[in-house]
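Step one of this worksheet: look at the structure below.
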Amino acid sequence: MMALEHKQMKIFAGNANPKLAEEICRYLGIQMGDGEVRKFSDGEIQVKIDESVRGADVFVIQPTCGPVNDNIMELLIMIDALRRASARRITAVIPYYGYARQDRKARARDPITAKLFANLITGAGARRILTMDLHATQIQGFFDIPLDQLLGVSIMARYLKEKDLTDPVVVAPDVGSVKRARDLSEKLNCGMAIVDKRRPEPNVAEVMNIIGNINGKTAIMVDDIIDTAGTITAGAQSLLDMGAKDVYACCVHPVLSGPAIDRIKASPLKEVVVTNTIPLPPEKQIEKIKSLSVAPLFGEAISRIYEDMSVSILFD
């Protein structure tokens with residue numbers, strides 16, 4: 001817990017994850033900015049900023065989780081309102097960056113929506129971005145303004161160390177997760193394995209092989225996002241079939257759409273460790289899912305940005 005007495009730091013939040021915003025404010029020891037985001041009867045978004053922000057360093061906390069398009073528009077309109085109210089600098093705090101999986105042209109005539117979103121945020125008036133675990137790190141290059149990317153691996157590593165798991169091995173559920181798995185395995189001082197899979201169509205995964213030694217070990221699968229949970233649950237069963245003793249799963253962003261919760265309930269997973277970059281509604285708060293708070297990490301990053309201090313120490 002820390003306190004900031006500076007009167008020119010202000011924090012506002014949309015409707016995407018107000019609980020996380022409140023936790024960040026408690027960490028910083030400041031009050032949430034006086035503002036309101038609601039809808040007109042026709043569905044258009046109305047933003048009201050009910051206090052002066054002239055000359056202030058303003059942070060807008062808004063992950064772009066579901067409903068994705070509504071939350072994106074809330075973020076853009078809030079930034080525009082604050083810019084027109086003469087805020088000195090506006091930092092968009094986006095714990096979960098939506099559309100990040102549309103980061104390249106995989107087929108002819110595909111959009112690069114992650115870049116479009118970056119353009120919209122910058123055009124609205126944001127002058128800095130603070131986010132966590134981008135699905136593709138090259139998205140940092142989509143911005144012509146400073147971007148700080150926090151990593152959730154350290155939060156999950158502390159929790160897993162406390163569980164004192166027997167003979168753990170960290171497993172990357174696909175090649176794209178190898179770096180994240182390597183980072184977690186180094187923090188846990190254990191081995192690593194990789195799931196070799198193919199994806200015949202979006203949200204469908206088929207496990208082909210396991211690279212590495214998992215026999216008799218406690219496998220910990222780690223990824224940035226769990227969406228429909230097809231990859232994680234299929235991978236968990238394959239790991240058990242190939243000799244793993246128990247299987248845990250970790251992810252930073254619990255999107256958990258469609259059949260995800262039913263799949264996790266029916267799966268052999270012991271526990272799914274996530275963070276609160278995306279809020280979990282009551283129907284998704286099941287016994288198998290453990291949510292860890294990222295508020296202290298974001299709070300410290302916001303404090304350092306405001307004080308013009310280095311943020312890189314938090315990347316570890």
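Residues: numbered from 1 along the sequence shown. Every value quoted in this text rests on a predicted model; they were computed, and no experiment measured them.
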With sequence neighbours excluded, tell me which residues meet salt bridge (Lys or Arg N to Asp or Glu O under 4.0 Å) with [X].
| X | value |
| --- | --- |
| K290 | none |
| E23 | none |
| D80 | R83, R84 |
| R182 | none |

Worksheet item: Are S238 and D241 linked by a side-chain donor-acceptor pair shorter than 3.5 Å?
Response: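 The answer is no; no qualifying pair exists.
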Discussion item. Assess, by modelled atom type and distance only, whether the side chains of Y96 and D224 contain a donor and an acceptor separated by less than 3.5 Å.
Written reply: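 Per modelled atom types, Y96 and D224 side chains form no pair under 3.5 Å.
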Show which side-chain atoms of residues 242-255 pair as donor or acceptor with protein atoms under 3.5 Å away, not counting sequence neighbours.
| residue | atom | partner | partner atom | Å |
| --- | --- | --- | --- | --- |
| H253 | ND1 | T277 | OG1 | 2.8 |
| H253 | NE2 | M132 | O | 3.1 |
| H253 | NE2 | D133 | O | 3.1 |

Taking side-chain hydrogen bond (donor to acceptor under 3.5 Å, both in side chains) as the definition, give me every residue that meets it alongside [X], ordered by chain and number, with sequence neighbours left out.
| X | answer |
| --- | --- |
| R104 | none |
| S310 | S312 |
| K115 | N119 |
| N15 | E74 |

Discussion item. More than 12 heavy atoms of other residues, nucleotides or ligands under 6.0 Å from CG of D110: yes or no?
Written reply: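 Yes, CG of D110 has more than 12 neighbouring heavy atoms, counting only those of other groups under 6.0 Å.
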Discussion item. With a 6.0 Å cut-off (strictly less than), is the heavy-atom count around CD of E287, excluding the residue itself, greater than 12?
Written reply: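 Not more than 12 within 6.0 Å, no.
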Fill in: ring-ring contact (aromatic ring centres under 6.0 Å, His included) contacts in which one or both residues fall within residues 118-141, not counting sequence neighbours
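Applying ring-ring contact (aromatic ring centres under 6.0 Å, His included) to every pair that reaches into residues 118-141, excluding sequence neighbours, yields nothing.
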Discussion item. Suppose the criterion is ring-ring contact (aromatic ring centres under 6.0 Å, His included): which pairs have a residue in residues 151-188, not counting sequence neighbours?
Written reply: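 For residues 151-188: none.
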Discussion item. I want to know whether Y306 and F59 have ring centres closer than 6.0 Å.
Written reply: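 So the answer is no for these two rings.
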Item to complete: Please determine which of I112, I72, L116 meets the side-chain contact (heavy atoms from CB on, under 4.5 Å) test together with Y99.
Response: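 It is I72, the one option of I112, I72, L116 that forms the side-chain contact (heavy atoms from CB on, under 4.5 Å) with Y99.
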Item to complete: Please report the C-alpha distance between L188 and I220 in whole Å, then the side-chain angles of each, then the deciding distance to 0.1 Å, and finally whether the side-chain contact (heavy atoms from CB on, under 4.5 Å) criterion is met.
Response: CA-CA 11 Å; L188 296 178; I220 305 167; 3.9 Å; yes
Discussion item. Would you call the rings of F117 and Y97 parallel, tilted or perpendicular, taking 30° and 60° as the class edges?
Written reply: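 Geometry flag for Y97 against F117: tilted rings.
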Item to complete: Would you mind listing every salt bridge (charged side-chain N to carboxylate O under 4.0 Å, His left out) that reaches into residues 144-160, with sequence neighbours excluded?
Response: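 As it turns out, the salt bridge (charged side-chain N to carboxylate O under 4.0 Å, His left out) pairs with a partner in residues 144-160, which skip direct neighbours, are R128-D148.
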Worksheet item: Can you check salt bridge (Lys or Arg N to Asp or Glu O under 4.0 Å) on K187 and D183, steps first, answer last?
Response: CA-CA 6 Å; K187 291 182 185 302; D183 291 345; over 6 Å; no
